[in-house]
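For reference, the structure is listed below as structure tokens.
Since this is a predicted model, take the numbers as computed values, not measurements.
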Amino acid sequence: MDKGQQMFKRGRIGILFASCLTLSACSTISGWFSDDEELEIRVLEPIEAQFEAREVWSNDVGNGVGSYFSRLTPALGYDLVFAADRQGHVVAFEEATGKQVWRQNFATFSNDGYFSFLSNLWSSGVSAKISGGLSVAYESVYFGTENGEVIALDAKTGEIKWQTTVKGEVIAAPAVDEGTLLVNTSSGTLFALDSNTGEQKWTYESDVPALSLRGISAPVASNGGAIVGTAAGKLAVNILGTGQTAWEQTISAPSGATELDRIVDIDAKPLVLGGVIFTISFDGTLAAVELRSGRVIWKREYKSYRSLSSAGSRLFVVDSNSNIYSLDTRNGVEQWSQGGLKQRSVTSATPVDDYIVVGDNFGFLHWLNQSDGQIVARMDVGGDDEDEAIYAAPVAKGKVVYTQTREGELFAIETP
């Protein structure tokens, strides 16, 4: 079997496997559960709500992401909210009012004659397959596509600043700092591009096992380093300016008799707090690693492909079964756990005021106390419709969270 066939086979397996893991809103996945099982998951235990969240505004982004694997999530900057759909729409809204400022469409249409023109009137075009992004910096909006395209737009006008192509699918948000844009790809290559021109500065290549999850780690640019998790279970730090590898640390080593047992992907975005990097692998290793040296400070057994978050000295973990935990960042000691949302494909946790907010596969937002994990409020954003599933972590500014559904609705929700 040649290399191209191997990559195709790996991609197909990865897509199917990751789809099953994320319990995306598609008929194939819902068929995994019996009617009784799905009903049990859908039914929420009643809570004593301490407050009611308020919808500030909502608006339409486009066609959403459908049942495809995606980590597209809104991004904030310059008093605007930026959002995109898989088809190709990238939109900027006023943060306070939800009023549309500009909209770009990167779907492609045929220009071959009059009949093509008529056809285009009734067609949404060929999908741009936007999946990696969005990131905002230097008055620009950066994103990537499954076709390996990386695009920079003017944040104020939506005009294209530059566009380039890299090897592999871009299915995670880029990171940018010190004039360098970091783009991680499914091929196992991390690209460093000039954030102003798109020109390639350097690359870092990591091993990609025969079987891996669909997702990849979003890179982080921090303290002069380019930080990324790999499909081989390693955490790597490269010098941001030169690309020289500072260190690689094995977080989780493959073990087991089958390729499935040996999956050790780090798909979560590394979390940097001070001089410590926190990371988690799919096979069940949560680790705190010293940024300067790569020394492992502590390890605990938690299994996840969701990104970590923090507030103060609390580290919030959402595991592969949608159990939510709070741990002490200093030593990894568990402070509380919340299992009331198990199997609801809960997103990563977003800290808001004294709470954390998570979305789920049935269109609900849930507020939990940071101090004890108690669920204190919830809001039905999607109307319990699988097409309105909340598939990626909300983003927050002040007491307002912005969340996007699979069908393409963007909501601004205020925590009173």
Cationic N near anionic O, under 4.0 Å, Asp154 to Lys156: no
OG on Ser309 to CD1 on Ile356, rounded to 0.5 Å: 6.5 Å
Lys299 NZ: over 12 foreign heavy atoms closer than 6.0 Å: yes
Heavy-atom side-chain proximity of Asp283 to Lys303 below 4.5 angstrom: no
Over 12 non-hydrogen atoms of neighbours within 6.0 angstrom of NZ in Lys234: no
Electrostatic pair Glu169-Arg214, nearest N-O below 4.0 angstrom: yes
Ser304 and Asp319: side chain donor to acceptor below 3.5 Å: no
Salt bridge Glu146-Arg86, side-chain N to carboxylate O under 4.0 Å: yes
Donor + acceptor pair across side chains of Trp367, Thr415 (<3.5 Å): yes
Partner of Val65 by side-chain contact (heavy atoms from CB on, under 4.5 Å), out of Asp85, Ile130, Leu72: Leu72
Residues which pass side-chain contact (heavy atoms from CB on, under 4.5 Å) with Asp354, listed by chain and number, not counting sequence neighbours: none
Salt-bridge contact Lys397-Asp79 (side-chain N to carboxylate O under 4.0 Å): yes
Heavy-atom side-chain contact between Leu286 and Leu327 under 4.5 Å: yes
Under-4.0 Å salt bridge between Glu414 and Arg54: yes
Heavy atoms of other groups near Arg330 CZ, more than 12 under 6.0 Å: no
Salt-bridge present (Glu388, Arg406; N to O < 4.0 Å): no
Centroid-centroid distance, Tyr391 to Tyr68, less than 6.0 Å: no
